[in-house]
Q: 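Take this structure, written in structure tokens, and hold onto it; I'll ask about it next.
Note that ligands are numbered from 1 as they come in the structure, with each ligand's atoms numbered from 1 the same way. Given the structure is predicted, the values throughout are model-derived calculations rather than measurements.
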Amino acid sequence: MSHTVIIGNGISGVTAARHIRKRSDDRITIISAETDHFFSRTALMYIYMGHMTYENTKPFEDHFWSKNRIDLMREYVSTIDYAKKTLQFSNGGTLAYDKLILAVGSKPNKFGWPGQDLDGVQGLYSYQDLELLERNTHGPLVKYPVKKKVKRAVLVGGGLIGVEFAEMLMTRDIEVTFLVREDRFWGNVLPKEEGELVARHMIEHHVDLRLNTELAEVIPDENGRAKAIKTKDGETIECQLVGLTAGVSPNVAFLRGGELEIDRGILVDEYLKTNIADVYAIGDCAQMRNPSKGRRPLEQVWYTGRMMGETVGATLTGTPTPYKPGYWFNSAKFFDIEYQTYGTVPARDLDGLSEFYWEHPDGKICIKIVFETATRRFHGINTFGIRMRHERFDKWLNEERSVDHIMEYLADANFDPEFYRKHEKAVVYKFNAEQGTSIIPKKRSWKRIFSIA
Ligand SMILES: Cc1cc2nc3c(=O)[nH]c(=O)nc-3n(C[C@H](O)[C@H](O)[C@H](O)COP(=O)(O)OP(=O)(O)OC[C@H]3O[C@@H](n4cnc5c(N)ncnc54)[C@H](O)[C@@H]3O)c2cc1C
């Protein structure tokens, strides 16, 4: 019986295991150094804030794994002998595989800042990071919290994990100063207006947001614990905790230096195969050699991990299946404001593209639509504070619809609950005024929404 070994029990590894089990009787082993069981990484913040327990974040009962004949091992893989198809564990043990799936995830970025490894400086990625945060911030769940009370934290790097980190700390009355190197929040992803909207919202939530501000160093106290940070402008900010949230990168350090081809992530082809026979890579750690149109080589989000797990599961059970994620989409939350994006909305450099932006007078709801200037073909949309239907935008992108078509049928894409205020009229009114069009927005039609035609 063929033995498939998966390193990593996150969404990608676990999805691969489930799909291999559905389609074969192969022996399957999942190895993780982090936790005994799969849990939802995206729910880490809710454990900290007391909305959920760790047990609540496990999508499967503990008996699911034995019932489905998926062996779980809590080990750290230190090296891999690809010629002998054997893994070596840090405790000295070994395990042989026939096929290997690397699903080893990410790690928080550190950019060599002086003081980045001091006590009281941490990222937020793993379950162990959450435990450390509990200790560092006097969590009610830990026996031995650090003695020093945390009054102020400084977060470094503006992205989604940073916003969650800020929200978490503020539920414990910890003041947050947020250093963002760019001129807007999440500046490598959000265009100017959206970045400014998020920044305003964070300031409303009493985040001390510092744009165009870079960390120079973390300053230790006499016990080697962070007591302040210094910015590149020379300002010193006292703090008792420093959160590093300047993005994540593939967790591949332990795999470097051997035959496995690694760039920023583990290089894979469209079948998620690495350069080594019978070795595949999926999820956050995988870097596509040739990403499909409109997609990036590295995409470190939950649903791409799930899609890759499903794809590799099919390939390894006799149905070679290329990874085809379709058009880009994503969603997130910035405190109270929901964000969605479909297609491509560049943060800068609109090269050959035009944009239309509408913002509600309350400054918390907006839509940005990007289209090709020459053809008016719809390219992508960002929405804040309005929920839109994914399948509708996917359809419009696949049908290569024009921006004018999107405007006419915008109401069909609205996914807000029934009694929410609708904004299509105001949006199209502004669009017509700016574009010289005379589009009359159609009322929402359930018939159209539920028909594929
Ligand atoms: C706080 C937070 C919030 C997030 N929120 C969102 C969100 O709202 N939406 C979204 O789309 N994405 C979100 N993400 C990103 C998302 O969680 C990741 O993209 C996804 O979990 C990655 O899954 P994965 O299976 O690739 O890897 P991981 O979940 O990282 O799993 C990899 C596992 O491999 C283990 N491992 C690594 N090396 C070894 C080794 N040598 N030996 C043994 N085990 C090893 C690791 O310990 C880990 O358990 C969030 C991430 C974080 C940290």
Q: I'd like to check which ligand 1 atoms, numbered from 1 as shown, lie under 4.0 Å from a non-hydrogen atom of N9.
A: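 Under 4.0 Å from N9, ligand 1 has these atoms: 33 (C), 49 (O).
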Q: For a side-chain contact (heavy atoms from CB on, under 4.5 Å) with E75, tell me which candidate from I31, L95, I7 qualifies.
A: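 Testing each of I31, L95, I7 against E75, the sole residue satisfying side-chain contact (heavy atoms from CB on, under 4.5 Å) is I31.
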Q: Give a yes or no on whether a salt bridge exists between R74 and D36, defined as a side-chain N under 4.0 angstrom from a carboxylate O.
A: yes
Q: Specify side chain, backbone, both or neither for A103, according to which of its non-hydrogen atoms lie closer than 4.0 Å to ligand 1.
A: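 Within the 4.0 Å criterion, A103 contacts ligand 1 through backbone atoms alone.
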Q: If you count the atoms of ligand 1 from 1 in the order shown, which ones are under 4.0 Å from a heavy atom of Y76?
A: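 Those atoms are 40 (C), 41 (N), 42 (N), 43 (C).
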Q: Whether the E310 and T15 side chains hold a donor-acceptor pair (N or O, under 3.5 Å, no angle test) is what I'd like checked.
A: no
Q: Which heavy atom of the protein is the closest neighbour of atom 39 (C) of ligand 1, given with residue, atom name and distance?
A: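 Going by distance alone, atom 39 (C) of ligand 1 is nearest to I7 CG2, 4.0 Å.
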Q: Just which atoms of ligand 1 are under 4.0 Å from any heavy atom in L124?
A: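 Listed by number with element, the hits are 53 (C).
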Q: Indicate whether the side chain of D336 and that of H205 have a donor and an acceptor atom separated by less than 3.5 Å.
A: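 Result is yes, a qualifying pair exists.
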Q: Among all protein heavy atoms, pick the one closest to atom 44 (N) of ligand 1 and tell me residue, atom and distance.
A: A33 N, 3.1 Å
Q: I want to know if ligand 1 touches Y303 in the polar sense, i.e. an N/O pair below 3.5 angstrom.
A: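 Not met; the criterion fails.
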Q: For atom 26 (O) of ligand 1, which protein heavy atom lies nearest, and how many Å away is it?
A: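 Closest protein heavy atom to atom 26 (O) of ligand 1: D284 N, 2.9 Å.
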Q: Thinking salt bridges, do R387 and E338 make one under a 4.0 Å N-O criterion?
A: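 Counted as a salt bridge, because a side-chain N and a carboxylate O are separated by less than 4.0 Å.
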Q: Relative to atom 21 (O) of ligand 1, which among Y48, W302, F165 owns the nearest non-hydrogen atom?
A: W302
Q: Atoms of ligand 1 less than 4.0 Å from G283 heavy atoms?
A: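 In order of numbering, the contacting atoms are 26 (O).
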Q: In terms of residue, atom name and distance, what is the protein heavy atom nearest to atom 27 (O) of ligand 1?
A: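 Going atom by atom, the protein heavy atom closest to atom 27 (O) of ligand 1 ends up being G105 CA, 3.2 Å.
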Q: Which of these, I6, T42, T245, T79, has its nearest heavy atom closest to atom 14 (N) of ligand 1?
A: T42
Q: Below 4.0 Å, non-hydrogen atoms only: which portion of E75 touches ligand 1? Side chain, backbone, both or neither.
A: backbone
Q: Just to be sure I read this right, does ligand 1 sit under 4.0 Å from the backbone of I161, its side chain, both, or neither, counting only heavy atoms?
A: side chain
Q: Do R289 and E261 sit within salt-bridge range, that is, some charged N less than 4.0 Å from a carboxylate O?
A: yes
Q: V301 heavy atoms, cut-off 4.0 Å: which ligand 1 atoms fall inside?
A: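 Counting from 1, the qualifying ligand atoms are 11 (O), 12 (N), 19 (O).
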Q: Give me the nearest non-hydrogen protein atom to atom 35 (C) of ligand 1 as residue plus atom name, then the distance to 0.1 Å.
A: G8 CA, 4.0 Å
Q: Given D98 and R27, is the salt bridge (charged side-chain N to carboxylate O under 4.0 Å, His left out) satisfied, shown in steps?
A: CA-CA 10 Å; D98 296 303; R27 185 179 157 207; over 6 Å; no
Q: Relative to the ring of F334, is the ring of F185 parallel (under 30°), tilted (30 to 60°) or perpendicular (over 60°)?
A: perpendicular
Q: Please name the residue in the list E355, K368, Q340, E194 that meets the side-chain hydrogen bond (donor to acceptor under 3.5 Å, both in side chains) test with N382.
A: E194
Q: List ligand 1 atoms under 4.0 Å from S12, heavy atoms only on the residue side.
A: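 Per the distance check, 24 (P), 25 (O), 26 (O).
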Q: Consider every N or O of V77 and every N or O of ligand 1, then say whether any pair is closer than 3.5 Å.
A: yes
Q: Could you list the atoms of ligand 1 found under 4.0 angstrom from a heavy atom of G10?
A: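 Every atom of ligand 1 under 4.0 Å from some heavy atom of G10: 25 (O), 29 (O), 31 (O).
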Q: Can you tell me which residue and heavy atom of the protein come closest to atom 3 (C) of ligand 1, and the distance to 0.1 Å?
A: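 Here the closest protein heavy atom is E164 OE1, 3.3 Å.
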Q: Any ion pair linking R348 and D183 (charged N to carboxylate O, less than 4.0 Å)?
A: yes
Q: Please state which protein non-hydrogen atom is closest to atom 23 (O) of ligand 1 and give its distance, to 0.1 Å?
A: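 Residue, atom and distance for the closest contact: I11 CG2, 3.4 Å.
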Q: For the residue pair E34 / N9, report whether a side-chain donor-acceptor contact shorter than 3.5 Å exists.
A: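 No - no donor-acceptor pair under 3.5 Å links their side chains.
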Q: Do T319 and R23 have side-chain atoms, one donor and one acceptor, less than 3.5 Å apart?
A: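 Yes, side-chain donor-acceptor contact under 3.5 Å.
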Q: Tell me whether ligand 1 is touched by S32 - counting only heavy atoms on the residue side and a distance under 4.0 Å.
A: yes
Q: Polar-atom distance check: R41 versus ligand 1, any N or O pair below 3.5 Å?
A: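 The answer is yes, given that R41 and ligand 1 share an N or O pair closer than 3.5 Å.
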Q: What I want to find out is whether K192 reaches E196 closely enough, with some N-O distance under 4.0 Å, to be called a salt bridge.
A: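 E196 and K192: salt-bridged.
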Q: Would you mind listing which atoms of ligand 1 come within a distance below 4.0 Å of any non-hydrogen atom of Q300?
A: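 Result: 15 (C), 19 (O).
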Q: On the six-membered ring of Y48, is R172 placed so that its NZ or CZ lies under 6.0 angstrom from the centre and within 45° of the ring axis?
A: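 Satisfied, under 6.0 Å and within 45°.
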Q: Can you tell me how the ring of Y303 sits relative to the ring of W328, calling it parallel under 30°, perpendicular over 60° and tilted otherwise?
A: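 The rings of Y303 and W328 sit tilted, inter-plane angle from 30° to 60°.
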Q: Should the proximity of N251 to ligand 1, defined as any heavy atom under 4.0 Å, be assigned to the side chain, the backbone, both, or neither?
A: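 Side chain only; the backbone of N251 stays clear of ligand 1.
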Q: Students should be able to answer this: which protein heavy-atom is nearest to atom 47 (O) of ligand 1, and at what distance?
A: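 Answer for atom 47 (O) of ligand 1: E34 CB, 3.4 Å.
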